[in-house]
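First up is the structure itself, then whatever we jot down about it.
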Amino acid sequence: MVDDMPADPMELSAVRLFVRDLAGALTFYQHVLGLRLVHGGVAAGYCVFAAGGCQLVVEPVARNAPEDEQVLVGRFTGLSFAVADVAAEHARLVALGVPFPGPPEAQPWGGILATFRDPAGNELQLVQAPGAA
């Protein structure tokens, strides 16, 4: 670290996620995952959800959009939602029809991960910190 740099020069503010059906995404993120809509909506053409210390911005990509935009939908996102008990949240979401390609898995670093898909096919993860639950 450079001596004259502040301890935290930047703070992650928002992440963007791309979908085909914004109305379906609004229902999924708000009513299935339980995130609070803080800005936008279907009529606005985007949705911003409170997601802990960061905002999740969900934006549509039209089916006739250029290929470089098409590839943003239906992929591994690298986004993880921290939960106290992955097994319980996995069971709750499975009961609501959320697809998981496999069960929660213990990780070499001590945590537990469970990967799931949103209605657009985007892959996200639940993560339980080591020693939680």
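For the numbers below, each heavy atom of this structure counts, side chains included, while hydrogens, waters and symmetry mates do not. Keep in mind it's a predicted model, so treat the numbers as computed, not measured.
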Pairs touching residues 50-62 that satisfy salt bridge (Lys or Arg N to Asp or Glu O under 4.0 Å), sequence neighbours left out | Arg16-Glu59

Pairs in or reaching into residues 23-36: which pass salt bridge (Lys or Arg N to Asp or Glu O under 4.0 Å), with residues at least two apart or in two chains?
-> none

Return each pair, listed once, that meets side-chain hydrogen bond (donor to acceptor under 3.5 Å, both in side chains) where at least one residue sits in [range]; pairs must be two or more places apart or across chains.
| range | result |
| --- | --- |
| residues 94-104 | none |
| residues 71-81 | none |
| residues 90-103 | Glu89-Arg92 |

Quick one: ring-ring contact (aromatic ring centres under 6.0 Å, His included) partners of Phe76, sequence neighbours excluded?
-> none

State, to 0.1 Å, how close [X] and [Y] come at their nearest heavy-atom pair, and which atoms those are.
| X | Y | result |
| --- | --- | --- |
| Gln125 | Thr115 | NE2-OG1, 3.0 Å |
| Cys47 | Gly41 | SG-CA, 3.9 Å |
| Gly24 | Pro119 | O-CG, 4.4 Å |
| Gly45 | Leu22 | C-CD2, 3.4 Å |
| Val86 | Val127 | CG2-C, 3.8 Å |

Quick one: side chain to side chain donor-acceptor pair (under 3.5 Å) partners of Gln55, sequence neighbours excluded?
-> none

Cluster partners of Tyr46, using ILVMFWY side-chain heavy atoms under 4.5 angstrom, listed by chain and number?
-> Val38, Val48, Val57

Got a list of side-chain donor-acceptor pairs under 3.5 Å for residues 66-74, not counting sequence neighbours?
| unit_1 | atom_1 | unit_2 | atom_2 | d |
| --- | --- | --- | --- | --- |
| Gln70 | OE1 | Arg20 | NH1 | 2.8 |
| Gln70 | OE1 | Arg20 | NH2 | 2.9 |
| Gln70 | NE2 | Ala62 | O | 2.7 |
| Gln70 | NE2 | Arg63 | O | 2.9 |
| Gln70 | NE2 | Ala65 | O | 3.1 |

Would you mind writing out the side-chain donor-acceptor pairs for residues 97-112 within the sub-3.5 Å range, not counting sequence neighbours?
| unit_1 | atom_1 | unit_2 | atom_2 | d |
| --- | --- | --- | --- | --- |
| Gln107 | NE2 | Glu105 | O | 3.0 |

Is there side-chain contact between [X] and [Y], with heavy atoms separated by less than 4.5 Å?
| X | Y | value |
| --- | --- | --- |
| Leu124 | Phe81 | yes |
| Val15 | Leu79 | yes |
| Leu56 | Leu35 | yes |

Please report the C-alpha distance between Gln128 and Asp85 in whole Å, then the side-chain angles of each, then the deciding distance to 0.1 Å, and finally whether the side chain to side chain contact (heavy atoms under 4.5 Å, CB included) criterion is met.
-> CA-CA 6 Å; Gln128 179 179 319; Asp85 184 342; 4.1 Å; yes

Side-chain polar contacts of residues 25-33 - donor-acceptor pairs under 3.5 angstrom, sequence neighbours left out - could you list them?
| unit_1 | atom_1 | unit_2 | atom_2 | d |
| --- | --- | --- | --- | --- |
| Thr27 | OG1 | Ala23 | O | 3.3 |
| Tyr29 | OH | Asp118 | OD2 | 2.7 |

